[in-house]
Amino acid sequence: MGGRRPGIHHWWLFGILTIGLGLRLWGITFGLPNVNCRPDESLLVHKALAIASGDLNPHFFNYPSFQFYLLALLFGLYFAAGWVFGAFADVQQFEVGFFTDPSAFYLLGRALSALIGVGSVAMVYLLGRGMGGTRAGLLSAAFLATAFLHVRDSHFLTADVPATFHLLVALVFTWRYIDRARPASMLLAAVFFGFAVSTKYNIALIVPSGLLAVWLVARSAEGGSDRRPLELWRHVFCAVAVIAISFAATSPYVLLDFPTFLRDFQYEQAHFSRGHGLDLGTGWVYHLRVTLFYGLGWPLAVVSVGACLWLARRRERKDLVLLTGILLYYLVAGAGRSVFFRYMIPLVPLLCLAAGVWLSHLSPSVRGRWVALAALVLMIPGTTASLHHNRILATVDTRLQAAEWIGRELPAGTKIAMVGTDYGFPQVHRTRAWLEERLSDVRQAGLPGRRLARQLALDGLPPKPDYYVVELRPDNPLHLRSVWNEFSLDDVRSAGIDWVVVQEHPLTGSGADRTFLTRLEVEAALTCEFNPFEGRSGSGSARFDPIDAYYVPYAGFADVRRPGPKIRIYNVGNGDGKWLVEDTR
């Protein structure tokens with residue numbers, strides 16, 4: 001890998017990028033056309049489409065807005081291409097296509113994330129090369145290409161991987177500024193720092209590391225500590241101003257609709273501090289013990305920590321910038337009790353970079369073949385986890401199996417009760433009566449219901465077969481009529497509901513009331529079951545992120561054959577058992 005003949009490192013890099021792309025594309029169609037298989041994807045799609053329709057204010061600031069605008073542009077190009085080639089006659093046909101089967105929209109966003117994920121691998125190569133030469137760049141890129149957490153989330157239409165990509169581009173320009181002290185590099189770095197923060201607020205925790213680079217370069221340009229403090233601060237202020245302008249230009253309604261921004265941002269602060277349902281402890285312990293342990297693989301996680309200690313001892317300017325970013329982010333992001341795996345995605349490439357630079361530094365004193373072997377060993381856990389994850393992801397989801405069975409066996413208009421959470425339901429089209437009732441309810445709750453109103457206004461919607469769905473779950477803050485908080489089997493039968501869909505999974509919030517289930521098992525006929533696990537007794541050793549409704553594990557993959565919860569469909573109007581149990585595992 002050391003580049004024995006000119007240009008061979010380009011072939012190594014090409015191979016690394018190809019592996020990274022393959023890992024990020026395999027299984028990318030997972031769950032579609034069910035749009036609830038990955039939390040937050042629908043939010044980004046709907047906000048982007050609303051912006052593309054002409055309302056530039058997202059009216060939502062739990063996330064900043066840059067990714068919304070990028071997706072709006074992407075969907076606009078998709079419509080333009082479809083119109084030119086005859087796929088869409090007009091905007092209405094485009095909208096009907098979305099409400100009938102939105103798979104293309106989600107696949108476009110996921111493909112963008114996958115390409116951005118591979119772009120991040122290329123950026124880490126440039127960063128590593130700037131810190132320790134070609135070998136350091138290749139090692140760092142190889143680690144990120146196979147890092148499980150980055151591979152996993154590069155499949156998703158979410159903001160974490162794109163925000164991290166903008167951060168890495170900013171650091172590439174920061175390295176150039178450190179090397180050459182050219183103001184253009186500093187300004188470009190500041191622009192991309194602004195893009196990163198405008199994609200996900202948490203990247204702001206790493207911005208001070210970029211400002212440290214400006215400070216260090218400004219000091220060295222005029223002989224270090226003898227330079228006047230006001231001159232140093234002038235450079236830092238210029239960088240901050242460009243970051244702020246870049247942020248404001250790509251999330252303008254943060255300022256133009258400041259009260260809404262303040263409300264949503266304060267909610268996110270409180271949510272971060274108090275946690276998300278389960279108390280898993282503070283992130284300082286959890287992210288080190290679980291997120292990074294599995295997200296990088298424990299050998300690479302251990303080596304990356306050792307690499308950070310070595311960089312702290314070496315103390316070159318780029319080392320200090322990198323370590324400042326890692327330390328500040330981990331200290332603040334780990335202080336809360338919301339400990340989603342995705343919160344550590346910005347650290348994954350930085351830790352891969354530290355490990356790659358350190359390992360390459362050992363090569364003069366250690367034979368190159370041993371360094372290559374060590375790198376392969378460090379990559380095994382991440383590569384193995386990524387392959388197992390993608391194998392599960394590429395298999396038909398239980399929610400799709402259940403929806404297909406319903407569409408095949410039950411006539412349109414049938415009333416169906418579904419027990420559990422939105423993310424675990426098989427997705428079926430809802431009847432016009434259901435849409436009208438839901439629109440009335442959400443408007444009575446003070447919400448506009450624009451998407452529901454548009455569905456009702458378009459010809460050809462809802463598509464067939466369609467069903468009236470009653471959701472049986474404990475929470476109903478909007479007082480929706482098709483959501484029941486208190487119910488019994490008698491209530492279900494008296495409402496003319498003959499079919500009940502039950503989900504079961506280790507993830508929190510996926511269960512149902514035990515009394516109701518007991519009566520269901522005794523009095524109703526179990527018609528079919530869709531089981532994602534290898535054994536009928538449960539999930540075995542599979543481990544899931546307990547606060548994220550993502551039904552693919554991060555460990556114990558052997559006990560899971562497909563995504564989704566275990567789904568059982570009961571016939572409550574016919575308890576004589578004439579239906580045979582259909583187990584399509």
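Taking the six-membered ring where tryptophan is involved, the planes of Phe148 and Phe557 are perpendicular, since the angle between them exceeds 60° and thus also 30°. Between Tyr554 and Phe341, the ring planes lie tilted relative to each other; the angle falls in the 30° to 60° range. Between Trp405 and Trp499, the two ring planes are perpendicular [angle over 60°; tilted spans 30° to 60°]. Ring planes of Tyr267 and His271: parallel class, angle under 30° (limits at 30 and 60°).
Relative to the ring axis of Phe530, Arg562 does not place its NZ or CZ within 45° and under 6.0 Å from the centre. The cationic atom of Arg399 (NZ for Lys, CZ for Arg) does not lie both less than 6.0 Å from the six-membered ring centre of Phe425 and within 45° of the ring axis.
The only option from Phe272, Tyr63, Tyr201, Phe60 that meets the ring pair (Phe, Tyr, Trp, His ring centres under 6.0 Å) definition with Phe265 turns out to be Tyr201. Considering Asp153, Asp40, Asp545 as possible partners of Arg342, the one that fulfils the salt bridge (Lys or Arg N to Asp or Glu O under 4.0 Å) test is Asp40. If you run ring pair (Phe, Tyr, Trp, His ring centres under 6.0 Å) between Phe98 and each of Phe79, Tyr78, Phe105, Phe88, only Phe105 comes through.
Checking side-chain atoms of Glu471 against main-chain N and O of Val483 turns up no donor-acceptor pair under 3.5 Å. A side-chain donor-acceptor contact under 3.5 Å links Gln503 to the backbone of Thr421.
Of all heavy-atom pairs spanning Ser251 and Pro64, the tightest one is OG-CB, 3.6 Å. Closest heavy-atom contact between His287 and Phe340: CE1-O, 3.4 Å. The minimum heavy-atom distance linking Arg430 with Val428 is given by the pair NE-O, 3.3 Å. Across every non-hydrogen atom of Asp475 and Asn485, the tightest pair is C-ND2, 3.3 Å. Shortest non-hydrogen contact noted between Arg561 and Phe533 is NH1-O, 2.5 Å. Taking each heavy atom of His59 and Arg263 in turn, the nearest pair found is O-NH2, 4.4 Å.
When side chains are defined from C-beta on, Thr250 does not count as touching Tyr69, because their heavy atoms never get closer than 4.5 Å. Between His389 and Val151, every side-chain heavy-atom pair lies at or beyond the 4.5 Å cut-off.
A salt bridge does not link Asp55 to Lys47: none of the charged side-chain nitrogens sits closer than 4.0 Å to a carboxylate oxygen.
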Quiz: residues 445-458 side-chain donor-acceptor pairs under 3.5 angstrom, not counting sequence neighbours:
from   : atom 1 : to    : atom 2 : distance (Å)
Arg451 : NH1    : His46 : ND1    : 3.4
Arg454 : NE     : Glu95 : OE1    : 3.2
Arg454 : NE     : Glu95 : OE2    : 3.0
Arg454 : NH2    : Glu95 : OE1    : 2.9

